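Keep in mind it's a predicted model, so treat the numbers as computed, not measured. In what follows, chains are A, B, ... by sequence order, proteins preceding strands, each numbered from 1.
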Amino acid sequence: MERECGLSWHFLFACLKTLPTHCLIMQPAPEHSESELLQFRRAKLDELQKRGIAAFGGKFEESHDPGTLRKNFVEGIDVKVAGRILSRREMGKATFFDIGDITGRIQCYLSKNDVSEEDYALFIHQIDIGDFVGVTGFSFITKKGEPSIHVKVLTPLSKALRPLPDKWHGVTDREIKYRQRYLDLISNDRSREIFVMRIKMVAEIRNYLHGRDFMEVETPMMQDVPGGAAARPFETHFNALYQKMYLRIAPELYLKRLLVGGFNRVFELNRNFRNEGVSRRHNPEFTMLEAYWAYADFEQMADLVEDMICHLAEKFCGGLIIEHKDEEGAVTKTIDLTRPWKRASYRDVVKAAAGEDWFTLSKEAKVERAHSLGVHEIHAGDEHHELDQKAFEKLVEEKSFNPTFVTHVPKELVPLAKQNVADDSVVDVYELIINGQEISPGYSELNDPIVQRQRLLDQAGEETQKIDEEFLLALEHGMPPAGGIGIGIDRLIMMLTGAESIRDVVLFPQLKRKAE
RNA sequence: GCGCGGGUAGCUCAGCGGUAGAGCAGUUGGCUUUUAACUAAUUGGUCGAGGGUUCGAAUCCCUCCCCGCGCACCA
């Protein structure tokens, strides 16, 4: 006892004496000395290394993951498990501690009976919460019924020089959650669950489409002409070719080239980039699924999307009723995905929300009507289709939580879709609204190169967009009639997990650079 | 870009003109089935940055930085 005590004092004394110069060597220009907390951890690292222990470890052959072992627990078997120490309960001659990772956590028990006095002291004094360790021992259940590992050998695997966030509250500071996502993942169960769910869902979407004979392809993210959507692109410069390039705003025009090339069922599930503002619903780089199915139309695409989203909900959300909850666990919103989903035309849903006579009104009368319905972000100077669209967004989209396929949208809004045979002022498309947001558009794709050129020119007149001549050239070689969809994956995940911000479903959301 | 709210110890937060605080984490002890372990003592702060007002500023005022929410742009 006294020996141990004496050792520790000697050790502490030695550290305090040697630390200042050590810090200067490690950090060339610190503005002020490191906090005491960090100094202690550095000293522990030094001590481990002095004793010839590999503080940043190496190979450790685990028999189980921490969470998997706990889930499928079997008592009385030999186990080797590695993980980060997440908490610790010291009881004199024995210590309980939890190790964990993305799979979950498991409790470990280390007793002085099982290791030398020296090793136990090393564990107590040099190993911290936050360090990675490997444990070798056997599984058992404690008196209180907790599945645990009785540790026979403890192997330090990596020293953490900084402490973990609050063990109870985790990280709540949004800035730390986003900038240092790893801390959020280590300390917040909810964040971990959402990201694991996202990863599984994205994998399942790929499985689902592969199962229906869609081929996943990769098309350029750097494009000469950024097409396929109306959005401001990010610009970059290609040094070798000495030309300006753009990050893609959509893969659409390349996927259609593949339809021309005979790829009858293709999809791409990857990032798009749009140089627009960030918000709860917008991240400048976001994940989009686009799929094209030759000889299908927008209604078959709607069936496909409906089936796929229900499949995901049943597989990962326990059914078609999705409940969004607040931090106290109270249900704030319920989304009912029960099939069949509502389908209604754009004109009908706008009339239902803004009045039967809406489409007969003058611009001024539309603005007045909108104001009376509480919509103030609307201006008489806009074109009719813009006023209609504003009414749609504010009065229909933002208020629709259960799924609705809004069909037959005015053609001005969608230049890449086929016009309706009966009414050529609208196009054969749907916009799927769930959770107050557009989750997915689907088209009967326009494959007439002459009409396509004219529609792009009409739109370019307003938006000064460049026409992708290579795309039109491809269409002139003949593109099969096809249905196409896009699904905003981030928003889909928000809807299915109840995340309130896109930043809660994107691992590393874009943030402004922090000043030096 | 505009408006509102926020930035205090490693983390979670209180303080809002008069000596910078709590809990957890940390350090040193006690404790051999604990689990937000318990328990005693204790360390730790350019109060986001820079100016100003004041005898005195974390606190009031100005400028700037970052984060959140709303609006605008957009999916």
Rounded to the nearest 0.5 Å, what separation is found between the CD atom of A:Glu268 and the OG1 atom of A:Thr287?
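Here the rounded value is 11.5 Å.
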Could you tell me whether the side chain of [X] has a donor or acceptor atom within less than 3.5 Å of a complementary atom in the base of [N]?
X	N	value
A:Asp166	B:G10	no
A:Gln107	B:U34	yes
A:Thr172	B:U12	no
A:Tyr109	B:U34	no

Classify [X] by what it touches in the nucleic acid, base, sugar-phosphate, or nothing, heavy-atom distance under 4.0 Å.
X	answer
A:Gln437	nothing
A:Gly170	sugar-phosphate
A:Phe140	base
A:Gly277	base
A:Ile129	sugar-phosphate
A:Arg41	nothing
A:Arg280	sugar-phosphate

Both distances under 3.5 Å, Watson-Crick or G-U wobble: report the partner of [N], or none.
N	answer
B:C47	none
B:A75	none
B:C38	B:G30
B:G3	B:C69
B:C16	none

Could you tell me whether the phosphate oxygens of B:C66, OP1 or OP2, come under 4.0 Å of any side-chain nitrogen or oxygen in A:Lys512?
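Indeed, a polar side-chain atom of A:Lys512 lies that close.
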Closer than 3.5 angstrom, by distance alone: can the side chain of A:Arg70 be matched with the main-chain N or O of A:Gln107 as a donor-acceptor pair?
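Not at all, since once roles are kept as given, no pair shorter than 3.5 Å links the two residues.
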Pairing donors with acceptors under 3.5 angstrom, does anything connect the side chains of A:Asn272 and A:Arg248?
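Yes, A:Arg248 and A:Asn272 have a side-chain donor paired with an acceptor closer than 3.5 Å.
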Quick one: are the ring centres of A:Tyr292 and A:Phe267 less than 6.0 Å apart?
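Aromatic pair excluded; centres sit 6.0 Å or further apart.
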Determine whether the aromatic ring centres of residues A:Phe298 and A:His408 are separated by less than 6.0 angstrom.
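Yes - the distance between ring centres of A:His408 and A:Phe298 falls below the 6.0 Å cut-off.
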Distance check, P atoms only: B:U34 and B:A41, in whole angstrom units.
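Looking at atom P only, B:U34 and B:A41 are 25 Å apart.
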So is the aromatic ring of A:Phe286 stacked onto the base of B:A75, judging by whether the centres are under 5.5 Å apart and the planes are under 30° apart?
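Yes, A:Phe286 stacks on the base of B:A75, since the ring centres sit under 5.5 Å apart and the planes are within 30°.
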